[in-house]
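Notes follow once the structure below has been shown.
No hydrogens, no waters, no symmetry mates; every other heavy atom, side chains included, goes into these values. Throughout, a chain's letter reflects where its sequence line sits, starting with A, and its residues are numbered from 1.
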Amino acid sequence: MRIFDPHIHMTSRTTDDYRRMAAAGVRAVVEPAFWLGQPRTNPGSFADYFDSLLGWEPYRAGLFGIRHHATIALNPKEANDPRCRPVLDLLPRYLDKDGVVAVGEIGYDSMTPEEDDAFARQLALAIEHDLPALVHTPHRDKARGTRRTLDVAAESGIPPGRVLVDHLNELTVEIVKESGCWMGFSIYPETKMSPPRMVEILRRHGPERVLVNSAADWGHSDPLLTLETARAMLDAGFDADDVDRVMWSNPVEFFGQSGRLDLSGADQPEPAFQGSSILRGGS
Amino acid sequence: MDAYGLLDVLGQDWVTEARAEVARRPGAIGRHFASAGRRAGRAPLDGAPGWRADEAARALLLAALPPEDLTERVAVLYAEGTADEKLAVLKALPLLPVGAEAVLLLRDAIRTNDARLLRAALGPSARHLDQAAWRQAVLKCVFTGVPLDGVHGLDERADAELAVMLAGLAGERAAAGRAVPADAAALLDRLTQQKEARCASSTRTST
Ligand SMILES: [Zn+2]
(Lines give C-alpha, C1' and ligand atoms only; values in the text may rest on other atoms or scores of the structure.)
Protein backbone atom coordinates (compact mmCIF):
# COMPACT_ATOMS: atom_id res chain seq x y z
CA MET A 1 0.00 0.00 0.00
CA ARG A 2 1.35 3.44 -0.91
CA ILE A 3 0.34 6.46 1.12
CA PHE A 4 0.60 10.16 0.35
CA ASP A 5 -0.09 12.20 3.51
CA PRO A 6 -1.23 15.54 2.08
CA HIS A 7 -1.16 17.43 5.38
CA ILE A 8 1.40 16.74 8.07
CA HIS A 9 3.63 19.07 10.10
CA MET A 10 6.86 17.09 10.10
CA THR A 11 8.78 19.99 11.67
CA SER A 12 7.13 18.92 14.92
CA ARG A 13 7.86 15.21 14.47
CA THR A 14 10.96 13.16 15.14
CA THR A 15 13.17 11.28 12.75
CA ASP A 16 11.78 8.10 14.29
CA ASP A 17 8.37 9.15 12.97
CA TYR A 18 9.83 9.31 9.45
CA ARG A 19 11.16 5.81 9.97
CA ARG A 20 7.77 4.47 11.13
CA MET A 21 5.93 6.29 8.35
CA ALA A 22 8.23 4.83 5.68
CA ALA A 23 7.72 1.36 7.15
CA ALA A 24 3.94 1.93 7.04
CA GLY A 25 4.02 2.77 3.31
CA VAL A 26 4.12 6.57 3.41
CA ARG A 27 6.02 7.59 0.26
CA ALA A 28 5.12 11.26 -0.04
CA VAL A 29 4.03 14.10 2.24
CA VAL A 30 2.96 17.71 1.91
CA GLU A 31 3.84 19.92 4.85
CA PRO A 32 1.73 23.07 5.06
CA ALA A 33 3.14 26.13 6.78
CA PHE A 34 1.16 26.73 9.95
CA TRP A 35 1.69 28.06 13.41
CA LEU A 36 4.06 26.51 15.89
CA GLY A 37 2.17 26.75 19.18
CA GLN A 38 4.36 29.64 20.31
CA PRO A 39 3.46 32.94 18.61
CA ARG A 40 6.17 34.41 16.37
CA THR A 41 7.00 38.07 16.68
CA ASN A 42 8.75 38.99 13.42
CA PRO A 43 8.90 38.02 9.72
CA GLY A 44 12.43 36.63 10.09
CA SER A 45 11.07 33.79 12.21
CA PHE A 46 8.80 32.87 9.32
CA ALA A 47 11.63 33.05 6.77
CA ASP A 48 13.67 30.58 8.82
CA TYR A 49 10.60 28.34 9.15
CA PHE A 50 9.83 28.45 5.42
CA ASP A 51 13.50 27.75 4.65
CA SER A 52 13.37 24.72 6.87
CA LEU A 53 10.25 23.45 5.04
CA LEU A 54 12.22 23.71 1.77
CA GLY A 55 15.62 22.62 3.04
CA TRP A 56 16.02 20.51 6.13
CA GLU A 57 12.66 18.69 6.04
CA PRO A 58 12.89 17.46 2.42
CA TYR A 59 16.40 16.25 3.22
CA ARG A 60 15.33 14.47 6.40
CA ALA A 61 12.38 12.86 4.57
CA GLY A 62 14.59 11.83 1.66
CA LEU A 63 16.77 9.74 3.96
CA PHE A 64 13.75 7.46 4.37
CA GLY A 65 12.63 7.47 0.74
CA ILE A 66 9.78 9.90 1.49
CA ARG A 67 9.23 12.77 -0.97
CA HIS A 68 8.52 16.01 0.88
CA HIS A 69 6.79 19.09 -0.57
CA ALA A 70 5.49 22.20 1.18
CA THR A 71 2.74 24.76 1.02
CA ILE A 72 3.68 28.29 2.07
CA ALA A 73 1.48 31.03 3.58
CA LEU A 74 0.83 33.30 6.52
CA ASN A 75 -1.55 31.19 8.64
CA PRO A 76 -4.93 32.62 9.72
CA LYS A 77 -4.09 32.73 13.41
CA GLU A 78 -0.91 34.82 13.04
CA ALA A 79 -2.49 36.93 10.28
CA ASN A 80 -4.11 38.75 13.22
CA ASP A 81 -0.76 39.87 14.64
CA PRO A 82 0.44 43.19 13.14
CA ARG A 83 4.04 42.12 13.80
CA CYS A 84 3.56 39.17 11.42
CA ARG A 85 1.67 40.93 8.62
CA PRO A 86 4.88 41.79 6.69
CA VAL A 87 5.21 38.03 6.06
CA LEU A 88 2.75 38.63 3.21
CA ASP A 89 5.50 40.61 1.45
CA LEU A 90 7.93 37.69 1.79
CA LEU A 91 5.58 35.22 0.12
CA PRO A 92 6.14 35.96 -3.59
CA ARG A 93 9.79 34.93 -3.31
CA TYR A 94 8.80 31.58 -1.77
CA LEU A 95 5.85 30.92 -4.08
CA ASP A 96 8.25 30.71 -7.06
CA LYS A 97 10.23 27.87 -5.55
CA ASP A 98 10.30 24.30 -6.83
CA GLY A 99 9.20 22.43 -3.71
CA VAL A 100 6.12 24.63 -3.15
CA VAL A 101 2.96 22.90 -4.38
CA ALA A 102 0.24 25.23 -3.01
CA VAL A 103 -0.47 28.40 -1.06
CA GLY A 104 -1.49 27.31 2.42
CA GLU A 105 -2.68 26.96 5.08
CA ILE A 106 -4.86 29.99 4.52
CA GLY A 107 -8.47 30.61 5.59
CA TYR A 108 -10.10 31.40 8.90
CA ASP A 109 -9.36 30.91 12.57
CA SER A 110 -11.61 33.44 14.35
CA MET A 111 -13.11 35.10 11.25
CA THR A 112 -11.72 38.59 11.87
CA PRO A 113 -11.37 41.39 9.30
CA GLU A 114 -7.60 40.79 9.37
CA GLU A 115 -8.17 37.16 8.43
CA ASP A 116 -10.54 38.24 5.63
CA ASP A 117 -7.83 40.46 4.19
CA ALA A 118 -4.98 37.92 4.48
CA PHE A 119 -7.17 35.17 2.99
CA ALA A 120 -8.19 37.27 -0.01
CA ARG A 121 -4.66 38.51 -0.64
CA GLN A 122 -3.23 35.01 -0.51
CA LEU A 123 -5.88 33.59 -2.84
CA ALA A 124 -4.81 36.30 -5.29
CA LEU A 125 -1.18 35.21 -4.81
CA ALA A 126 -2.18 31.62 -5.60
CA ILE A 127 -3.71 32.74 -8.88
CA GLU A 128 -0.71 34.92 -9.70
CA HIS A 129 1.78 32.12 -9.03
CA ASP A 130 -0.34 29.47 -10.75
CA LEU A 131 -0.66 27.45 -7.55
CA PRO A 132 -3.57 25.59 -5.93
CA ALA A 133 -4.71 26.68 -2.46
CA LEU A 134 -4.87 24.65 0.76
CA VAL A 135 -7.57 26.11 2.99
CA HIS A 136 -7.86 25.44 6.72
CA THR A 137 -11.38 25.57 8.19
CA PRO A 138 -11.85 26.85 11.73
CA HIS A 139 -12.25 24.41 14.59
CA ARG A 140 -14.84 26.67 16.25
CA ASP A 141 -17.97 27.86 14.45
CA LYS A 142 -16.95 25.41 11.72
CA ALA A 143 -20.13 25.25 9.65
CA ARG A 144 -20.46 29.01 9.18
CA GLY A 145 -16.70 29.34 8.80
CA THR A 146 -16.69 26.77 6.01
CA ARG A 147 -19.52 28.51 4.18
CA ARG A 148 -17.73 31.84 4.38
CA THR A 149 -14.52 30.13 3.21
CA LEU A 150 -16.27 28.86 0.09
CA ASP A 151 -17.80 32.28 -0.62
CA VAL A 152 -14.46 34.08 -0.36
CA ALA A 153 -12.71 31.45 -2.50
CA ALA A 154 -15.40 31.74 -5.18
CA GLU A 155 -15.16 35.53 -5.09
CA SER A 156 -11.39 35.40 -5.66
CA GLY A 157 -11.83 33.77 -9.06
CA ILE A 158 -9.67 30.73 -8.28
CA PRO A 159 -11.27 27.66 -9.92
CA PRO A 160 -12.84 25.37 -7.29
CA GLY A 161 -10.87 22.43 -8.67
CA ARG A 162 -7.71 24.17 -7.45
CA VAL A 163 -8.93 24.57 -3.86
CA LEU A 164 -8.60 21.96 -1.11
CA VAL A 165 -10.81 22.70 1.90
CA ASP A 166 -9.44 20.86 4.91
CA HIS A 167 -10.44 19.57 8.35
CA LEU A 168 -13.99 18.73 7.22
CA ASN A 169 -16.53 16.60 9.07
CA GLU A 170 -20.01 15.18 8.56
CA LEU A 171 -21.58 18.63 8.87
CA THR A 172 -19.34 20.45 6.38
CA VAL A 173 -18.63 17.83 3.71
CA GLU A 174 -21.83 18.41 1.74
CA ILE A 175 -21.42 22.11 0.96
CA VAL A 176 -17.77 21.63 -0.03
CA LYS A 177 -18.69 18.73 -2.30
CA GLU A 178 -21.33 20.88 -4.02
CA SER A 179 -18.84 23.72 -4.48
CA GLY A 180 -16.53 21.60 -6.63
CA CYS A 181 -13.60 22.11 -4.24
CA TRP A 182 -11.55 19.14 -3.01
CA MET A 183 -12.41 17.74 0.41
CA GLY A 184 -9.75 17.16 3.05
CA PHE A 185 -10.28 15.15 6.23
CA SER A 186 -7.84 15.17 9.12
CA ILE A 187 -7.93 12.01 11.20
CA TYR A 188 -7.13 12.59 14.86
CA PRO A 189 -6.85 10.34 17.87
CA GLU A 190 -10.13 10.68 19.83
CA THR A 191 -11.32 14.15 18.69
CA LYS A 192 -12.59 15.69 15.47
CA MET A 193 -12.51 12.74 13.01
CA SER A 194 -11.81 9.03 13.47
CA PRO A 195 -11.12 6.22 10.94
CA PRO A 196 -14.59 4.62 11.37
CA ARG A 197 -16.34 7.97 10.86
CA MET A 198 -14.13 8.61 7.82
CA VAL A 199 -15.13 5.28 6.31
CA GLU A 200 -18.78 6.18 6.82
CA ILE A 201 -18.27 9.52 5.03
CA LEU A 202 -16.56 7.72 2.14
CA ARG A 203 -19.43 5.24 1.97
CA ARG A 204 -21.91 8.05 1.75
CA HIS A 205 -20.04 10.44 -0.55
CA GLY A 206 -17.62 8.22 -2.50
CA PRO A 207 -13.85 8.68 -2.95
CA GLU A 208 -14.02 11.39 -5.61
CA ARG A 209 -12.06 14.57 -4.69
CA VAL A 210 -11.51 13.21 -1.14
CA LEU A 211 -8.12 13.44 0.60
CA VAL A 212 -7.30 11.93 3.98
CA ASN A 213 -4.48 13.24 6.16
CA SER A 214 -3.09 12.85 9.66
CA ALA A 215 -2.52 16.60 10.22
CA ALA A 216 0.02 15.35 12.76
CA ASP A 217 1.82 18.17 14.53
CA TRP A 218 3.04 19.06 18.04
CA GLY A 219 -0.39 18.33 19.49
CA HIS A 220 -2.14 15.06 20.27
CA SER A 221 -1.86 13.41 16.86
CA ASP A 222 -0.58 10.31 15.10
CA PRO A 223 1.21 10.18 11.72
CA LEU A 224 0.04 6.60 11.12
CA LEU A 225 -3.70 7.34 11.18
CA THR A 226 -3.65 7.47 7.36
CA LEU A 227 -2.64 3.80 7.35
CA GLU A 228 -5.27 2.98 9.96
CA THR A 229 -7.94 4.68 7.84
CA ALA A 230 -6.80 2.75 4.76
CA ARG A 231 -7.12 -0.51 6.71
CA ALA A 232 -10.55 0.51 7.97
CA MET A 233 -11.58 1.14 4.35
CA LEU A 234 -10.46 -2.36 3.33
CA ASP A 235 -12.23 -3.90 6.32
CA ALA A 236 -15.42 -2.09 5.34
CA GLY A 237 -15.33 -3.60 1.86
CA PHE A 238 -13.66 -0.88 -0.21
CA ASP A 239 -11.29 -2.43 -2.76
CA ALA A 240 -7.59 -1.70 -3.15
CA ASP A 241 -8.27 0.71 -6.03
CA ASP A 242 -10.55 2.86 -3.89
CA VAL A 243 -7.95 2.95 -1.14
CA ASP A 244 -5.19 3.85 -3.60
CA ARG A 245 -7.37 6.58 -5.05
CA VAL A 246 -7.95 8.27 -1.69
CA MET A 247 -4.48 7.63 -0.25
CA TRP A 248 -2.40 8.30 -3.37
CA SER A 249 -4.01 9.30 -6.68
CA ASN A 250 -6.23 12.08 -5.32
CA PRO A 251 -3.41 14.01 -3.59
CA VAL A 252 -1.17 13.44 -6.62
CA GLU A 253 -3.87 14.86 -8.88
CA PHE A 254 -4.64 17.83 -6.64
CA PHE A 255 -1.06 18.94 -5.92
CA GLY A 256 0.05 17.89 -9.41
CA GLN A 257 -1.86 20.95 -10.64
CA SER A 258 1.08 23.00 -9.38
CA GLY A 259 3.32 21.46 -12.03
CA ARG A 260 5.90 21.11 -9.26
CA LEU A 261 5.12 17.75 -7.70
CA ASP A 262 8.18 15.57 -8.18
CA LEU A 263 7.64 11.98 -7.09
CA SER A 264 10.69 10.54 -8.82
CA GLY A 265 12.63 8.46 -6.35
CA ALA A 266 9.69 8.14 -3.95
CA ASP A 267 10.34 4.79 -2.30
CA GLN A 268 14.12 5.02 -2.76
CA PRO A 269 16.07 6.28 0.23
CA GLU A 270 18.83 8.74 -0.72
CA PRO A 271 21.48 6.34 -1.99
CA ALA A 272 24.46 8.06 -0.46
CA PHE A 273 25.27 8.83 3.13
CA GLN A 274 23.23 6.10 4.75
CA GLY A 275 25.49 6.51 7.75
CA SER A 276 24.30 10.09 8.11
CA SER A 277 24.28 11.18 11.70
CA ILE A 278 20.59 12.06 11.84
CA LEU A 279 19.79 8.41 11.24
CA ARG A 280 21.74 7.71 14.39
CA GLY A 281 20.91 10.78 16.37
CA GLY A 282 22.68 14.03 15.58
CA SER A 283 26.24 15.25 15.37
CA MET B 1 34.36 21.56 -16.77
CA ASP B 2 33.82 25.26 -17.59
CA ALA B 3 30.47 26.99 -18.09
CA TYR B 4 30.49 26.54 -21.87
CA GLY B 5 31.14 22.83 -21.55
CA LEU B 6 28.30 22.54 -19.04
CA LEU B 7 25.94 24.54 -21.26
CA ASP B 8 26.74 22.19 -24.11
CA VAL B 9 26.13 19.04 -22.08
CA LEU B 10 22.87 20.39 -20.61
CA GLY B 11 21.59 21.41 -24.05
CA GLN B 12 18.47 23.30 -22.90
CA ASP B 13 17.53 26.39 -24.90
CA TRP B 14 15.65 28.08 -22.08
CA VAL B 15 18.90 28.27 -20.11
CA THR B 16 20.63 30.12 -22.95
CA GLU B 17 17.75 32.58 -23.15
CA ALA B 18 17.57 33.03 -19.38
CA ARG B 19 21.33 33.64 -19.27
CA ALA B 20 21.04 36.40 -21.83
CA GLU B 21 18.28 38.00 -19.77
CA VAL B 22 20.30 37.71 -16.54
CA ALA B 23 23.34 39.27 -18.22
CA ARG B 24 21.20 42.26 -19.28
CA ARG B 25 19.12 42.50 -16.11
CA PRO B 26 20.70 40.70 -13.11
CA GLY B 27 17.54 41.05 -10.99
CA ALA B 28 15.82 38.60 -13.33
CA ILE B 29 17.84 35.71 -11.92
CA GLY B 30 15.50 35.17 -8.93
CA ARG B 31 12.57 33.56 -10.71
CA HIS B 32 14.74 31.56 -13.12
CA PHE B 33 16.87 30.30 -10.24
CA ALA B 34 13.81 29.32 -8.17
CA SER B 35 12.09 27.42 -10.98
CA ALA B 36 15.17 25.72 -12.47
CA GLY B 37 14.31 22.34 -10.94
CA ARG B 38 10.94 21.94 -12.59
CA ARG B 39 12.20 23.39 -15.89
CA ALA B 40 15.50 21.54 -16.22
CA GLY B 41 14.55 18.32 -14.42
CA ARG B 42 16.74 16.61 -11.87
CA ALA B 43 18.34 13.82 -13.86
CA PRO B 44 22.09 13.25 -13.56
CA LEU B 45 23.95 14.58 -16.62
CA ASP B 46 25.77 11.85 -18.50
CA GLY B 47 28.36 14.18 -20.00
CA ALA B 48 29.11 16.00 -16.73
CA PRO B 49 29.88 13.60 -13.89
CA GLY B 50 28.65 14.79 -10.50
CA TRP B 51 26.14 17.28 -11.96
CA ARG B 52 22.36 17.04 -12.09
CA ALA B 53 20.42 18.98 -14.72
CA ASP B 54 18.91 21.43 -12.20
CA GLU B 55 22.30 22.08 -10.59
CA ALA B 56 23.89 22.73 -13.97
CA ALA B 57 21.07 25.09 -15.00
CA ARG B 58 21.42 27.07 -11.75
CA ALA B 59 25.22 27.18 -12.02
CA LEU B 60 24.93 28.50 -15.57
CA LEU B 61 22.48 31.21 -14.46
CA LEU B 62 24.95 32.31 -11.78
CA ALA B 63 27.81 32.28 -14.27
CA ALA B 64 25.81 34.68 -16.47
CA LEU B 65 25.64 37.38 -13.77
CA PRO B 66 27.68 40.51 -14.55
CA PRO B 67 30.83 40.63 -12.40
CA GLU B 68 30.04 43.95 -10.63
CA ASP B 69 27.84 42.81 -7.76
CA LEU B 70 28.08 39.09 -8.44
CA THR B 71 29.45 38.19 -5.01
CA GLU B 72 26.55 39.90 -3.20
CA ARG B 73 23.93 38.34 -5.46
CA VAL B 74 25.39 34.88 -5.06
CA ALA B 75 25.44 35.31 -1.28
CA VAL B 76 21.75 36.35 -1.25
CA LEU B 77 20.67 33.49 -3.52
CA TYR B 78 22.50 31.09 -1.22
CA ALA B 79 21.05 32.61 1.96
CA GLU B 80 17.49 32.58 0.60
CA GLY B 81 17.89 29.23 -1.13
CA THR B 82 16.22 25.87 -0.69
CA ALA B 83 18.57 22.95 -0.05
CA ASP B 84 18.73 22.29 -3.82
CA GLU B 85 19.48 25.95 -4.52
CA LYS B 86 22.20 26.09 -1.87
CA LEU B 87 23.75 22.94 -3.28
CA ALA B 88 23.81 24.45 -6.77
CA VAL B 89 25.51 27.62 -5.48
CA LEU B 90 28.22 25.58 -3.75
CA LYS B 91 28.82 23.47 -6.84
CA ALA B 92 28.95 26.59 -9.02
CA LEU B 93 31.58 28.40 -6.93
CA PRO B 94 34.58 27.13 -8.95
CA LEU B 95 32.94 28.51 -12.11
CA LEU B 96 32.46 31.99 -10.63
CA PRO B 97 34.85 34.88 -9.99
CA VAL B 98 34.15 34.69 -6.26
CA GLY B 99 37.23 34.72 -4.08
CA ALA B 100 37.72 34.40 -0.37
CA GLU B 101 34.19 35.81 0.17
CA ALA B 102 32.98 32.28 -0.54
CA VAL B 103 34.22 31.27 2.87
CA LEU B 104 31.04 32.48 4.62
CA LEU B 105 28.94 30.22 2.40
CA LEU B 106 31.26 27.28 2.96
CA ARG B 107 31.16 27.75 6.71
CA ASP B 108 27.36 27.87 6.64
CA ALA B 109 27.18 24.69 4.57
CA ILE B 110 29.57 22.89 6.90
CA ARG B 111 27.47 23.88 9.94
CA THR B 112 24.33 22.29 8.45
CA ASN B 113 23.37 18.69 9.00
CA ASP B 114 22.75 18.15 5.28
CA ALA B 115 25.41 15.73 4.05
CA ARG B 116 25.08 16.96 0.46
CA LEU B 117 25.93 20.54 1.46
CA LEU B 118 28.84 19.42 3.61
CA ARG B 119 30.25 17.39 0.74
CA ALA B 120 29.80 20.22 -1.77
CA ALA B 121 31.57 22.67 0.56
CA LEU B 122 34.73 20.58 0.39
CA GLY B 123 35.18 20.98 -3.37
CA PRO B 124 37.91 23.15 -4.94
CA SER B 125 36.63 26.30 -3.20
CA ALA B 126 37.54 24.81 0.17
CA ARG B 127 41.04 26.20 -0.40
CA HIS B 128 39.60 29.41 1.10
CA LEU B 129 38.96 27.67 4.43
CA ASP B 130 41.66 27.94 7.05
CA GLN B 131 43.31 24.69 8.04
CA ALA B 132 41.46 24.32 11.36
CA ALA B 133 38.04 24.74 9.71
CA TRP B 134 39.01 22.39 6.88
CA ARG B 135 40.14 19.65 9.32
CA GLN B 136 36.90 19.94 11.31
CA ALA B 137 34.90 19.65 8.08
CA VAL B 138 36.79 16.54 6.98
CA LEU B 139 36.30 15.01 10.43
CA LYS B 140 32.58 15.81 10.22
CA CYS B 141 32.47 13.94 6.89
CA VAL B 142 33.96 10.88 8.54
CA PHE B 143 31.65 11.20 11.54
CA THR B 144 28.51 11.53 9.41
CA GLY B 145 29.47 8.94 6.80
CA VAL B 146 30.05 11.36 3.90
CA PRO B 147 32.52 9.68 1.51
CA LEU B 148 35.91 11.40 1.36
CA ASP B 149 36.22 11.06 -2.43
CA GLY B 150 34.46 14.42 -2.71
CA VAL B 151 37.13 16.22 -0.69
CA HIS B 152 39.25 18.18 -3.13
CA GLY B 153 43.01 17.67 -2.67
CA LEU B 154 42.54 15.49 0.40
CA ASP B 155 46.01 13.96 0.53
CA GLU B 156 47.84 17.21 -0.22
CA ARG B 157 46.10 19.00 2.61
CA ALA B 158 45.72 16.27 5.24
CA ASP B 159 48.23 16.84 8.02
CA ALA B 160 49.50 15.37 11.26
CA GLU B 161 46.83 17.19 13.28
CA LEU B 162 44.07 15.62 11.15
CA ALA B 163 45.72 12.24 11.79
CA VAL B 164 45.48 12.85 15.54
CA MET B 165 41.79 13.73 15.21
CA LEU B 166 41.04 10.70 13.03
CA ALA B 167 42.88 8.41 15.42
CA GLY B 168 40.80 9.81 18.28
CA LEU B 169 37.55 9.14 16.44
CA ALA B 170 38.72 5.65 15.46
CA GLY B 171 39.50 4.99 19.14
CA GLU B 172 36.03 6.13 20.25
CA ARG B 173 34.41 4.01 17.61
CA ALA B 174 36.49 0.98 18.57
CA ALA B 175 35.40 1.42 22.19
CA ALA B 176 31.78 1.30 20.99
CA GLY B 177 32.44 -1.79 18.89
CA ARG B 178 32.16 0.18 15.66
CA ALA B 179 34.59 1.05 12.89
CA VAL B 180 35.28 4.29 11.03
CA PRO B 181 34.41 4.16 7.31
CA ALA B 182 37.00 2.36 5.16
CA ASP B 183 38.08 5.52 3.34
CA ALA B 184 38.85 7.23 6.66
CA ALA B 185 40.77 4.23 7.96
CA ALA B 186 42.80 4.23 4.74
CA LEU B 187 43.53 7.95 5.08
CA LEU B 188 44.66 7.46 8.66
CA ASP B 189 46.96 4.64 7.49
CA ARG B 190 48.53 6.84 4.82
CA LEU B 191 49.06 9.68 7.30
CA THR B 192 50.57 7.30 9.85
CA GLN B 193 52.94 5.82 7.27
CA GLN B 194 54.04 9.30 6.17
CA LYS B 195 54.77 10.19 9.76
CA GLU B 196 56.77 7.00 10.32
CA ALA B 197 58.69 7.62 7.10
CA ARG B 198 59.47 11.15 8.24
CA CYS B 199 60.58 9.94 11.66
CA ALA B 200 62.77 7.28 10.08
CA SER B 201 64.44 9.77 7.74
CA SER B 202 64.98 12.31 10.53
CA THR B 203 66.48 9.56 12.71
CA ARG B 204 68.86 8.70 9.87
CA THR B 205 69.96 12.29 9.35
CA SER B 206 70.51 12.86 13.04
CA THR B 207 72.87 9.86 13.46
ZN1 LIG C 1 -2.31 21.91 9.66
Side-chain angles (χ1 to χ4, degrees), chain A residues 15 31 43-44 46-48 50-63 67-70 72 90-101 128-131 255-266 268-283, chain B residues 29-44 50 52-54 57-58 76-88 108-119 136-137 139-147 149-150 169 173 176 178-184:
Chain A
T15 296
E31 175 156 9
F46 284 81
D48 289 341
F50 297 156
D51 288 341
S52 154
L53 297 186
L54 299 168
W56 176 236
E57 283 309 326
Y59 175 68
R60 210 157 70 107
L63 294 173
R67 294 290 307 178
H68 179 291
H69 295 83
I72 297 289
L90 285 180
L91 294 178
R93 161 154 79 75
Y94 284 99
L95 298 182
D96 282 337
K97 291 190 183 285
D98 279 329
V100 178
V101 291
E128 194 182 318
H129 292 265
D130 208 15
L131 285 169
F255 289 110
Q257 297 181 89
S258 67
R260 308 186 198 177
L261 195 65
D262 177 11
L263 296 173
S264 58
Q268 287 155 12
E270 290 277 323
F273 321 137
Q274 280 302 289
S276 175
S277 64
I278 71 159
L279 295 176
R280 297 192 306 263
S283 60
Chain B
I29 196 170
R31 291 194 96 150
H32 292 305
F33 198 73
S35 59
R38 56 191 183 272
R39 293 179 82 180
R42 294 173 183 83
R52 288 188 336 201
D54 57 328
R58 289 194 169 108
V76 169
L77 286 167
Y78 177 89
E80 298 183 348
T82 64
D84 282 352
E85 291 169 17
K86 284 182 161 68
L87 186 57
D108 177 273
I110 291 164
R111 271 195 306 273
T112 70
N113 232 342
D114 186 327
R116 300 164 307 178
L117 299 182
L118 172 60
R119 182 179 165 96
Q136 283 289 342
L139 191 68
K140 184 166 174 177
C141 284
V142 175
F143 187 83
T144 55
V146 174
D149 60 359
L169 178 59
R173 287 277 167 97
R178 298 171 56 209
V180 292
D183 55 2

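For B/D84, the side-chain hydrogen bond (donor to acceptor under 3.5 Å, both in side chains) test picks out no residue, with sequence neighbours left out. Checked against side-chain hydrogen bond (donor to acceptor under 3.5 Å, both in side chains), B/R38 has the following partners two or more places apart in sequence or in another chain: A/D98.
In terms of heavy-atom pairs under 4.5 angstrom with chain A, the leader among B/G37, B/P181, B/A34 is B/A34.
The contact between B/A79 and chain A is made entirely by backbone atoms, counting heavy-atom distances below 4.5 Å. For a residue to count as touching a neighbouring chain, one of its non-hydrogen atoms must lie under 4.5 Å from one of that chain's; by this rule B/E85 touches chain A with the side chain only. Of the atoms belonging to B/R42, it is side-chain heavy atoms, and not backbone ones, that fall under 4.5 Å from chain A.
Contact between B/K140 and B/T144 at its shortest, heavy atoms only, is O-OG1, 2.7 Å.
If you take NE2 on A/H69 and CG on A/L54, they are separated by 10.5 Å, rounding to the nearest 0.5 Å.
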